Amino acid sequence: MRQLTWRFLLLALVFLGLSRLGLALWLWPRAGAAGGLWPVLLGGLRIDLSLLAMICALPALLSPWLGHWRWAARITAWWYRVWWLLFVLLELSTPQFIQEYDTRPNRLYVEYLSSPHEVSAMLWHGYRGVLLFALVGLLVLGWLGFRIMRTRLLDAPMRLRWRPLVSAALLAPLFLAARGTLGHRPLNPSMVAFSDDAMVNTLPLNSLYSVINAILDMQNERSSAALYGPMPEAEMQQLVREASAIDGPTLDPQHPSWHLQQASKRPERPLNLVIIVEESLGAQYIGTLGGEQLSPQFDALARDGWLLARTYATGTRSVRGLEAITTGFLPTPAEAVLKQPRSQRGFFTLAGLLGEFGYHSRFIYGGEAHFDNMKSFFLGNGFDEVIDQPKFEVKPGSVGSWGASDEDMFNELHHRLMQDGKSPQFTLAFSVSNHTPWEYPAGRIEASEPAASVQNTVRYADWALGRFFAKAMLSPYWKNTVFLIVADHDSRVFGASLVPVRHFHIPALILGAGVPAQRDEHIVSQIDLAPTLLSLIGISSIHPMLGSDLTRHYPGRAIMQYGDNYGYLKADQLVVLQQGQPATQFHYQVDGETLTPTKIDPSLARMALAHALWPSWAYFNQRYGLPPTSMQPAPAPAATVLKPMEPDKCCATLQL
C-alpha cells in the first residue's frame, strides 16, 4: 500500500502539473498579463497536494497495518485507479470546457449529467473530433495508470510496535497538506486567486478539485419557494417592480429588473466613491441613534452628512451585508451570493457597473481577502484589484487575529486615495477590529473593564474612523469624493422574536462632495444604498437593483433574513415568513422595540412573499447580470441647476 500511494502521488502530481503548464502556455496572453506562470504553478501545487492528501489519507494511515495483505493492496490499487481516471477525464475535458465557458469545469459539468440524451447528442454532432481525441487520451493514460498501480505490489510486513508510531507520524503531514495552510481557514479557491481575470484564477485549481468544490457549494443553494411557497412569476415581477417604483416598459423580458435610473446630481465629472464597511457596528452602540454613548466621532460626523437614522441590515453575516451593499441583491435563506457558485462570474456589482463608466475599483481589507470567498467574488465581478493585509504599502503597526487594525486599514486607504490621479475611483474598505476576540492597539482609547469587550472595540473603531476623516477633510480628494459609512450587521443578533428587528438596525451615513447635512428618519434597507450612491456621484445607468434612489423615492420598507425566517417591515408593520407556515404579522413599536401580533394584511403578505422569492428566481435563472455597455445611456452634460424634485417622492431637505 505504501508503494501504491507513492506511485499514485508522483503520477498525479506530474500529470496535473503538466496539464496546468500546458493550459497556462495555451492561454499565455491572458495568463502572462495576469501575473505569469509562477502563481499558477505554485498555487496549483498547493491545491493538488490538498486534494491528494485527502485521497491518500486512509490508505496511507492503514498501510502499516494492512499493506502486506494482498486483498488490501488490490482494494487500494483500484481506489487509486478510479481517482486517476477521474483526474484524467476532467483534465482532458478542460480545454474544450474553457473554450465554451471560459472557466475550468464547474457545476455545469455536473448539472448537464441530468440531461444525458441532449448532452450526448450535442457532443456527438458538434464535438466528434474532440470526443475521439479525449477517448484515445483516456484509454492511453488510463492504461498507463493501471500499469503503474499494479495490484500485486505488497509492502514488507512491519513489526507490530512500529505500526502505531508510523501511522501517527503520517497523520500530521497529511493533515497539513489537506488543510493547505497554517492560517485561520483551510485552503479554498480564493486563496490561490491572484488576478482580476476570473478564468486565469481557475488555472491553479485542477478540474477535479473545481468540480468537487462546485458540488459542495451547490449544497448551499436553497430556494425560497421551497421554504415559503410559490407565487406566479408574473405577479412576483409586478409586485417587486411596483415596490421599487420601476416605471415604464420592461427593457429586456429576460431581465425584468433592468431599468434606467437617472442621477439626480450632475457634477462636472463623475465623483469618486468610497464605501467604508464597519464590522459588526450595530445601532445599539451609536449614541446619535439611541444606543450606548460609545461613538463620539461618528456622532460628530453625522452632523456634517446625510444620516440615514433608520437603516436596517439584510442579514447577520458580513457576506450578507457585502452582498446588499456592493450588489444591491435581496437576501435569501441560502448563502450570500459571494459564496454561491452561480454568481462567481457575470453577477452584477457596483464595481462592474462603474467600470463601464471608466472607474477603477478596488477592495481594501485588513485581513485575508480569501475569507468568505470575498477575493474570488470581487475579482470575478468587476473589481480591478483586491488589497488585503499582505499587499498593504503602509506597514501595519498592529495585527490581531483578524488582521491589521482599523487605523492601519485607514492609513492604507488614505495612502491609496492620495495616490489617485484624475480617473474616477471606487474604493470599498472593510474594517476588522470590532470582532471577537476584541483586540485593539493599546493607548488609543480610555478603555472600560474588561479590556477585551465589544464596548472597547467599538470605542476604538470609532476613534480610528474619526482619525481618518480628520485627515480626509484636509486632503485634496475630499472635494470630489462621496463617502458612505455603514455597518455590515450588528455584533450579535439574538432575541426571542421571529425576527429581532432591533438587532438589524445599523448606522449609515453619507457625506462628502455636495452631500447636505440632515437627519433622515425614513425606513431604509441596505439594498437602497447603492442606487442612492450612484445618483449622488452623478451616474445615470441601467441596472437590475431593486433598491431605491433615496434622493427621489422612499420605498419605506426594510428586508431582513434571519436564518430561515424572512422579515418584511413596512412602516410599523412586520410580516414574517417561516418555512412551511402561513405568514404572520406584527405591529413594531420602535420606542419599546416590541412586536405585537396583529391581523395579517393579505396584500402586504403577498408583497413580502414576492420579495422573498425574487432573489432566488434571479439567482437560479442567472438574471442579475450587468446590462451590456450598448444599453447604457451616454453621459449627460454637466449641470449645476437641476429640475426640482417632487416633494412627495424625495427628502424634503435634500437640495442637490
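As the structure is a computational prediction, the values presented were derived from the model and not from experiment.
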Between S405 and D408, does a side-chain hydrogen bond (donor to acceptor under 3.5 Å, both in side chains) hold up when you go through it step by step?
CA-CA 5 Å; S405 67; D408 291 311; 2.7 Å; yes

Report the C-alpha separation of Q589 and T594 in whole Å, then their side-chain angles, then the decisive distance to 0.1 Å, and conclude whether the side-chain hydrogen bond (donor to acceptor under 3.5 Å, both in side chains) test is met.
CA-CA 5 Å; Q589 182 65 39; T594 57; 5.6 Å; no

Take K265 and D549 through the salt bridge (charged side-chain N to carboxylate O under 4.0 Å, His left out) test and state the conclusion after the steps.
CA-CA 12 Å; K265 183 174 182 179; D549 172 6; over 6 Å; no

Evaluate side-chain contact (heavy atoms from CB on, under 4.5 Å) for Y460 paired with S433, printing each intermediate quantity in order.
CA-CA 8 Å; Y460 170 71; S433 292; 3.5 Å; yes

Evaluation steps, side-chain contact (heavy atoms from CB on, under 4.5 Å), between V590 and D572:
CA-CA 8 Å; V590 179; D572 60 355; over 6 Å; no

Checking side-chain contact (heavy atoms from CB on, under 4.5 Å) for the pair T596/Y588: CA distance, chi angles, key distance, verdict?
CA-CA 7 Å; T596 306; Y588 178 57; over 6 Å; no

Please lay out, stage by stage, how R342 and E221 fare under the test salt bridge (charged side-chain N to carboxylate O under 4.0 Å, His left out).
CA-CA 9 Å; R342 301 176 196 235; E221 295 182 310; 2.8 Å; yes

Could you please spell out the steps behind the side-chain contact (heavy atoms from CB on, under 4.5 Å) verdict for Y312 and Q526?
CA-CA 6 Å; Y312 292 89; Q526 270 179 327; over 6 Å; no

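With no hydrogens or angles considered, a side-chain donor-acceptor pair links T457 and N434 at under 3.5 Å. When only modelled atom types and interatomic distance are considered, Q573 and Q585 share a side-chain donor-acceptor pair under 3.5 Å. A side-chain N or O of S224 and one of S616 form a donor-acceptor pair less than 3.5 Å apart. With no hydrogens or angles considered, a side-chain donor-acceptor pair links H543 and Q261 at under 3.5 Å. Between the side chains of T427 and R362, at least one donor-acceptor pair of N or O atoms lies under 3.5 Å.
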Identify each donor-acceptor pair in which a side-chain atom of residues 343-358 lies under 3.5 Å from a protein atom, sequence neighbours left out, and give them as a table.
| residue | atom | partner | partner atom | Å |
| --- | --- | --- | --- | --- |
| S343 | OG | V337 | O | 2.5 |
| S343 | OG | Q340 | O | 3.1 |
| Q344 | OE1 | N373 | ND2 | 2.8 |
| Q344 | NE2 | L338 | O | 3.1 |
| Q344 | NE2 | Q340 | O | 2.7 |
| R345 | NH1 | Y101 | O | 3.4 |
| R345 | NH1 | D102 | O | 2.6 |
| R345 | NH2 | D102 | OD2 | 3.0 |
| T349 | OG1 | A351 | N | 3.4 |
| T349 | OG1 | G352 | N | 2.9 |
| T349 | OG1 | N381 | O | 2.5 |
| E356 | OE1 | T629 | OG1 | 2.4 |
| E356 | OE2 | T629 | OG1 | 3.3 |

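E521 pairs by the salt bridge (charged side-chain N to carboxylate O under 4.0 Å, His left out) definition with R519, not counting sequence neighbours. Checked against ring-ring contact (aromatic ring centres under 6.0 Å, His included), F468 has the following partners two or more places apart in sequence or in another chain: F410. Partners of R222 according to the salt bridge (charged side-chain N to carboxylate O under 4.0 Å, His left out) rule, which considers only residues two or more places apart in sequence or in another chain, are D564. In this view, T327 satisfies the side-chain hydrogen bond (donor to acceptor under 3.5 Å, both in side chains) rule with no residue, not counting sequence neighbours. With sequence neighbours left out, E278 forms a salt bridge (charged side-chain N to carboxylate O under 4.0 Å, His left out) with no residue at all. By the ring-ring contact (aromatic ring centres under 6.0 Å, His included) test, W438 pairs with no residue at all, sequence neighbours left out. Scanning for side chain to side chain contact (heavy atoms under 4.5 Å, CB included) contacts around P615 gives F329, L330, T332, with sequence neighbours left out. Not counting sequence neighbours, the partners of Y365 by the ring-ring contact (aromatic ring centres under 6.0 Å, His included) test are F363, F430. When the side chain to side chain contact (heavy atoms under 4.5 Å, CB included) test is applied to N188, the partners found at least two apart in sequence or on another chain are S190, M191, H370. Residues satisfying the side-chain hydrogen bond (donor to acceptor under 3.5 Å, both in side chains) test with R467, not counting sequence neighbours, are N411. Applying the side-chain hydrogen bond (donor to acceptor under 3.5 Å, both in side chains) test to K339 and every residue at least two apart in sequence or in another chain returns D372.
Separation of atoms CD (Q293) and CZ (R459) is listed at 11.0 Å; rounding is to 0.5 Å. For the atom pair CD1 (I506) and CG (D488), the distance works out to 8.0 Å, reported to the nearest 0.5 Å. L308 contributes atom CG, which lies 9.0 Å from atom CG of D528 (distance to the nearest 0.5 angstrom). How far CG of L569 is from CG of L595: 9.0 Å, rounded to the nearest 0.5 Å. To the nearest 0.5 Å, the span separating CD on Q561 from OG1 on T316 amounts to 9.0 Å. L511 contributes atom CG, which lies 13.0 Å from atom CZ of R303 (distance to the nearest 0.5 angstrom).
Residue T532 forms a side chain to side chain contact (heavy atoms under 4.5 Å, CB included) with just one option from I537, L484, T551, and that option is T551. Applying side-chain hydrogen bond (donor to acceptor under 3.5 Å, both in side chains) to W402 and the options Q389, E368, H435, E279 leaves one that passes, H435.
Taking the six-membered ring where the residue is Trp, the centroids of H360 and F426 are separated by 6.0 Å or more. Between W478 and F483, the ring centre distance stays below 6.0 Å. Ring centroids of H414 and Y477 are separated by less than 6.0 Å, placing the two rings close together.
Of the charged side-chain nitrogens involved, at least one lies within less than 4.0 Å of a carboxylate oxygen, so that E393 and R416 count as a salt-bridged pair. Between R444 and D462, no side-chain nitrogen of the basic residue sits less than 4.0 Å from a carboxylate oxygen of the acidic one, so the salt-bridge criterion is not met.
Ring planes of F378 and F383: tilted class, angle from 30 to 60°.
Distance alone, capped at 3.5 Å, places no donor-acceptor pair between the D406 side chain and the S431 backbone.
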